[in-house]
Amino acid sequence: MSEWRSLRVRAERLVRELAKFGAVGAVGFLVNVAIFNLCIHTFSLAPIRSGVISQVVAIATNYVGNRYWTYRHIDKSRIHRETTLFFLFSGIALVLENGILALSHYGFGYTSPLADNIAKNVIGLGIGTVFRFWSYRTWVFRVAAHHEEKDAEAAGKAPAKETAAV
């Protein structure tokens, strides 16, 4: 019975985390789309340049939202490491997202504003979001280690040395 309770608690925790991550991502998405289209249509910048600019601003917005809301309960003692990893993994996702845009725009010749937005803000963003969620919770904010430590404390056990060091 306690295994089911533990599984239920972990599932509820994951759902809450996904909801917060999704809300922060929705704000980042709006920032990304607005700046992308502003750069293309107002400033007449190239699609990839517009995509990189918009995504850099959205990444900064998402960092603030994730650090201070989604993962506010995670240890802040290693903020330099966390920030470095956040921007490293966000950079990889930036390359994925804009790589899809470049492939669509320059490789396949789909150059309409609608095609650019679908390639970048639907397909690229979808792939990038899955990668970001996995990498942030696994490497940046160390969610699994935090939950193992909290579960051990709740059970009256001392956390493992490896977990406590994280």
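- The pair E12-R8 counts as a salt bridge, with a side-chain nitrogen and a carboxylate oxygen less than 4.0 angstrom apart.
- Each of F86 and V57 belongs to its own hydrophobic cluster when Ile, Leu, Val, Met, Phe, Trp and Tyr are linked at side-chain heavy-atom distances under 4.5 angstrom.
- With hydrophobic clusters built from ILVMFWY side chains whose heavy atoms lie under 4.5 angstrom apart, L94 shares a cluster with W139.
- A donor-acceptor pair under 3.5 Å is absent between the side-chain atoms of T42 and the main chain of C39, judged by distance alone.
- The side-chain heavy atoms of P113 and I40, taken from C-beta on, include no pair separated by under 4.5 Å.
- At a threshold of 4.5 Å between side-chain heavy atoms, the hydrophobic network of Ile, Leu, Val, Met, Phe, Trp and Tyr places Y71 and V130 in two separate groups.
- Residues G51 and K120 approach most closely at CA-CE, 3.3 Å, considering heavy atoms.
- Separation of atoms CG (L88) and CD1 (I92) is listed at 4.5 Å; rounding is to 0.5 Å.
- A distance of 9.0 Å separates CD of E97 from CZ of F36, quoted to the nearest 0.5 Å.
- Distance check: N66 CG to I74 CD1 gives 11.0 Å after rounding to the nearest 0.5 Å.
- Across all non-hydrogen atoms, the minimal contact from F141 to R67 is CD2-NH2, 3.5 Å.
- Side-chain contact between V24 and K20 is absent, with no heavy-atom pair separated by less than 4.5 Å.
- By the rule that hydrophobic residues join a cluster once side-chain heavy atoms approach within less than 4.5 Å of another member, Y63 and V31 end up as members of separate clusters.
- Of the inter-residue distances, the one linking N98 atom CG with R49 atom CZ reads 12.5 Å to the nearest 0.5 angstrom.
- Put simply, the side chain of I123 reaches to within 4.5 Å of the side chain of I118, judged on heavy atoms.
- A distance of 8.5 Å separates CZ of R132 from CG of L96, quoted to the nearest 0.5 Å.
- Across F21 and Y136, no two heavy atoms sit closer than the pair CE1-CD1, 3.6 Å.
- The side chain to side chain contact (heavy atoms under 4.5 Å, CB included) with S50 is formed by just one residue from the set L38, N37, L45, I35; it is L45.
- With rounding to the nearest 0.5 angstrom, the CG atom of L125 is 6.5 Å from the CG atom of N32.
- Checking side-chain atoms of T138 against main-chain N and O of S135 turns up no donor-acceptor pair under 3.5 Å.
- Remark: F29 pairs with no residue by the ring pair (Phe, Tyr, Trp, His ring centres under 6.0 Å) rule, at least two apart or across chains.
- In the hydrophobic clustering of this structure, I100 groups with L114; members are Ile, Leu, Val, Met, Phe, Trp, Tyr whose side-chain heavy atoms approach within less than 4.5 Å, directly or through other members.
- Take N62 and apply the side-chain hydrogen bond (donor to acceptor under 3.5 Å, both in side chains) test, not counting sequence neighbours, and it matches no residue.
- Counting only residues at least two apart or in different chains, side-chain hydrogen bond (donor to acceptor under 3.5 Å, both in side chains) contacts with residues 102-111 comprise H105-D116.
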Evaluation steps, side-chain contact (heavy atoms from CB on, under 4.5 Å), between L85 and R78: CA-CA 11 Å; L85 288 174; R78 294 183 172 195; over 6 Å; no
